Colleague: 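Input: one structure, supplied below.
Computed from a predicted structure; not experimentally measured. Throughout, a chain's letter reflects where its sequence line sits, starting with A, and its residues are numbered from 1.
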Amino acid sequence: MNNTEIAKVFYDVADLLDLKGENPFKIRAYQKAARSIEHSSVELEQVVKEGKNLREIPGVGEAIEQKIIDLVKTGKLKLFEDPKKEFPKGITTFLDIPGVGPKTANLLATELGITSIEELEAAIVSGRVSKLYRMGDKTAENILHNIQALRRKDQRIPIGEALTVVDEITAQLKDVPGLKNLVAAGSLRRFRETIGDIDLMGTASDAEAVINAFTTLPFVHEIISRGQTKASVRVAGGLQVDLRIMEHEDFGSLLQYFTGSKEHNIILRKRALRQGFSLSEYGITDVKTGELEKFATEEAFYKRLGLQYIPPEIREAGREIEKAAKGEIPRLIELGDIKGDLHVHTDWSDGRDSLEDEAAAAKERGYEYIAITDHSRGLGITKGLDVERLGKQIAAIKELNRKLKGIRVLTGMEVDIHADGKLDMPDEALVKLDFVIASIHSGFNESREKMMGRIIKAMENPNVDMYAHPTCRLLPGREPVAVDMEELFKAALRTGTILEINASPGRLDLKDKHIYRARELGVKMIMSTDSHSVEHLGFMRFDIGIARRGWCEAKDVLNTRPLREFLAALKK
DNA sequence: GCCGTTTTCGGCCCGACTGTTTTCAGTCG
């Protein structure tokens, strides 16, 4: 049972308690624990097996700890005597509908005796729903509408796509008079790998004018709500975009509040209350005097609370607040720290651009080095290199290095790992290369045991410097292959193999919590783009985002080092 | 159910918007 599955059980428990009308703080406790479990960097099943303490996970106390142990050991959780008797049948399905909370779900199930979404639709059409207490035509219609939205609801979209939407919107709104500081907050700013909706913040002298401009943008499909300072719309494809406008001098507290995460803000507020402050998007209120202090910047806001500035990417209710109180927030890695890209394809295999163009583009980015790592031949579709063409490419790179100044092109290859763990290129060829990547591009459905055997065998090869896109997942769509991350990290440490943080927006692999764990263990990591064209070198900013989420500093990543130090850190 | 630089008991973040009401409950973020 993995963390996601365990978390799901506790989310469900919270829903059921909510339906029962339980103490809301108890419900929140379960939600909080679920959320912590979901984001934990270690697998709980492992922790339970090793008999270690679960109480270090925030929000997990005596009771929930015992429930996690039961759950992991038996696969079940007995919390309700007879859930079927206690809850109207089918009630939890209603909770998935946006705008339907526990109160409404309960009302629908008990008053109308319906159990499915289909029955609910029929009940709305026949007018039975709008006659219920505190319901009306409009509410019923909204529920119907939201059922349809739920059906065509796309999954969370990869951050790469969301950033494109934001770029479009900000470009269209930039000329609205008096609008300033228009930026994305929320999960986008925290750089979560996928985004559920987009939260835009801005400041303006005339909020209403901005709200009007926003809600009448050409690609706005539907207006969900529109108030004086805030509006929510749906754009084509179903993505929800929220805009919130405030006064210029409130920008710091506004941005802080809407960047979240929710849990980060809750902890921050509790802490502030103990200091006699109440926090809101408008600023900090002194509870005794009722006086409101405004903040134009987030830095000033955190400072007022006695905290070091906390970068958005780590505002996830881990240990960031207590660390900030002690001044222990590290300087997280930045784009400017990166000195080279180590995973680049050219038109020698399936890339679009030439060796020369890639080298020039890397130099333009200020890099000291770039490794050319075209595919090996095993990947039929990618016109991969065999020994002979690899030899020619090495010669071409040597020649290029003679001509180039200010950047060193390293020879390399992304060699395929076969199903039996053998590499798709003889060692005599690999040994000549500066940098060798091994990775999997086929046989994704192997069992955990086979998969690990295959990967570890490749890592044990002294010519293999890096194991790339370690879980092979694709966003959205392909689930990670059966990799045991703890075992992988151990093997990486033992063999001195580097793990890649692949920046391709459809991969982001290692992901944030794996990066966090690998860093804790001292596993060597490289951030690289897997470029197939010169534009892709720009994917590095995605890697920076997720590496920061994993609390990475420059020293945790090998390609922040100057060339000589970088080469010295490789296996050979 | 969790948790502690007031507390091992008594608290638990804060505000906007909608739709239904006629002062507010429910939902959301």
Colleague: Does the side chain of A:K67 come under 3.5 Å of the side chain of A:Y30 through a donor N or O and an acceptor N or O?
Modeller: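 Yes, side-chain donor-acceptor contact under 3.5 Å.
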Colleague: Heavy atoms only, 4.0 Å cut-off, all strands: where does A:P102 land among base, sugar-phosphate and nothing?
Modeller: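 Sugar-phosphate, backbone atoms only, no base.
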Colleague: Is any side-chain nitrogen or oxygen of A:Y282 closer than 4.0 Å to OP1 or OP2 of B:dA16?
Modeller: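 It does, given that an N or O in the side chain of A:Y282 lies less than 4.0 Å from OP1 or OP2 of B:dA16.
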Colleague: Report which part of the nucleic acid A:S232 touches: base, sugar-phosphate, or nothing (heavy-atom distance under 4.0 Å, all strands).
Modeller: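 No contact at all - A:S232 keeps every heavy atom at 4.0 Å or more from the nucleic acid.
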Colleague: Between atom CD in A:Q275 and atom P in B:dT7, what is the gap in whole Å?
Modeller: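 In whole Å, B:dT7 P lies 16 Å from A:Q275 CD.
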Colleague: Roughly how many Å apart are B:dG15 and B:dT5, using the P atom of each and rounding to a whole number?
Modeller: 24 Å
Colleague: How far does the C1' atom of B:dC17 sit from the matching atom of B:dG4, given to the nearest Å?
Modeller: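 B:dC17 and B:dG4 have their C1' atoms separated by 36 Å.
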Colleague: In whole angstroms, how far is the C1' atom of B:dT27 from the CD1 atom of A:I27?
Modeller: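 It works out to 14 Å between those atoms.
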Colleague: Quote, to the nearest angstrom, the C1' distance that separates B:dT18 from B:dT23.
Modeller: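 Nearest-Å result for B:dT18 against B:dT23 at atom C1': 15 Å.
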Colleague: Base, sugar-phosphate, or nothing for A:D137, non-hydrogen atoms under 4.0 angstrom?
Modeller: sugar-phosphate
Colleague: From B:dG29, B:dG19, B:dG1, pick the nucleotide closest to the side chain of A:I64?
Modeller: B:dG1
Colleague: If I take atom CD in residue A:E62 and atom P in nucleotide B:dT8, what distance separates them, rounded to the nearest angstrom?
Modeller: 17 Å
Colleague: Determine the interatomic distance between C1' on B:dT8 and the same-named atom on B:dG1; round to the nearest Å.
Modeller: 15 Å
Colleague: What nucleotide among B:dG29, B:dT20, B:dC13 has an atom nearest to a side-chain atom of A:F25?
Modeller: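 The nucleotide sitting nearest to the side chain is B:dC13.
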Colleague: Roughly how many Å apart are B:dT6 and B:dC12, using the P atom of each and rounding to a whole number?
Modeller: 15 Å
Colleague: Give the rounded distance in Å between these two atoms: CD1 of A:I245 and P of B:dC17.
Modeller: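 The answer, rounded to whole Å, is 12 Å.
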Colleague: At under 4.0 Å between heavy atoms, what does A:L279 touch on the DNA or RNA strands: base, sugar-phosphate, or nothing?
Modeller: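 Sugar-phosphate contact only - A:L279 comes under 4.0 Å of backbone atoms but never of a base.
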Colleague: Is it possible for you to check whether A:R28 lies under 6.0 Å from the centre of the six-membered ring of A:F25, through NZ or CZ, and within 45° of that ring's axis?
Modeller: no
Colleague: If I take atom NE2 in residue A:H264 and atom P in nucleotide B:dC14, what distance separates them, rounded to the nearest angstrom?
Modeller: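 Whole-Å distance recorded here is 15 Å.
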Colleague: Can a donor-acceptor pair be found between the side chains of A:N265 and A:Q256 at a distance below 3.5 Å?
Modeller: yes
Colleague: So which nucleotide does B:dC12 pair with, by the Watson-Crick or G-U wobble rule with both distances under 3.5 Å?
Modeller: B:dG1
Colleague: Rounded to whole angstrom, note down the P distance from B:dA25 over to B:dT21.
Modeller: 13 Å
Colleague: For the residue pair A:E168 and A:Q172, confirm or rule out a side-chain donor-acceptor distance under 3.5 Å.
Modeller: no
Colleague: When the C1' atoms of B:dT20 and B:dG26 are compared, how many Å lie between them, rounded to an integer?
Modeller: 10 Å
Colleague: Whole-Å distance between B:dC2 C1' and A:I57 CD1?
Modeller: 14 Å
Colleague: State whether A:T139 places a side-chain N or O below 4.0 Å from either non-bridging phosphate oxygen (OP1 or OP2) of B:dT20.
Modeller: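 Checking A:T139 against B:dT20: at least one side-chain N or O falls below 4.0 Å of OP1 or OP2.
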Colleague: For A:N142, report the nucleic acid contact type (base, sugar-phosphate, nothing); a contact means any heavy atom under 4.0 Å.
Modeller: sugar-phosphate
Colleague: Would you indicate what A:Y257 reaches in the nucleic acid, counting non-hydrogen atoms under 4.0 angstrom: base, sugar-phosphate, or nothing?
Modeller: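 Base contact.
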